[in-house]
Amino acid sequence: MVSLEKEQITSECIEAARIACNKNMVKFVGKDQFHFRVRVHPWHVFRINKMLSCAGADRLQTGMRGAFGKAYGKGARIYIGKILFSIRTV
């Protein structure tokens, strides 16, 4: 599978695609008849700066001061033409 767009893919998305592909390959060609490799790894850490939206929130927040954020998830940065998955059958 090759990417046609520049995008960010989360680790959950990569895992879901791996499970779906593995299940279909076992169903159609057999358990020991293929080799499946995930070629991307989620190294990039997504961060989020949570903001309050209630009344009086302006007194509780500091806005963008110190807005590094907390870790929200991990993902892979994908460029055009990057190989995501490769399958080799016997």
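Side-chain atoms are counted along with the backbone in the values below, which use heavy atoms only and exclude waters and symmetry mates.
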Quiz item: So if you build clusters from Ile, Leu, Val, Met, Phe, Trp, Tyr with side-chain heavy-atom gaps below 4.5 Å, do Val40 and Phe46 land together?
Solution: no

Sequence neighbours excluded and cut-off under 3.5 Å, please list the side-chain donor-acceptor pairs for residues 71-90, or say none.
residue : atom : partner : partner atom : Å
Arg77   : NH2  : His44   : NE2          : 3.2

Self-check item: Residue pairs passing the salt bridge (charged side-chain N to carboxylate O under 4.0 Å, His left out) test where at least one lies in residues 19-46, sequence neighbours excluded
Solution: none

Please list, one pair per line, the donor and acceptor atoms closer than 3.5 Å that link side chains of residues 1-16 to other protein atoms, with sequence neighbours excluded.
residue : atom : partner : partner atom : Å
Ser3    : OG   : Glu5    : N            : 3.3
Ser3    : OG   : Glu5    : O            : 2.6
Ser3    : OG   : Glu7    : OE2          : 3.4
Thr10   : OG1  : Cys13   : N            : 3.3
Glu15   : OE1  : Arg18   : NE           : 3.2
Glu15   : OE2  : Arg18   : NH2          : 2.6

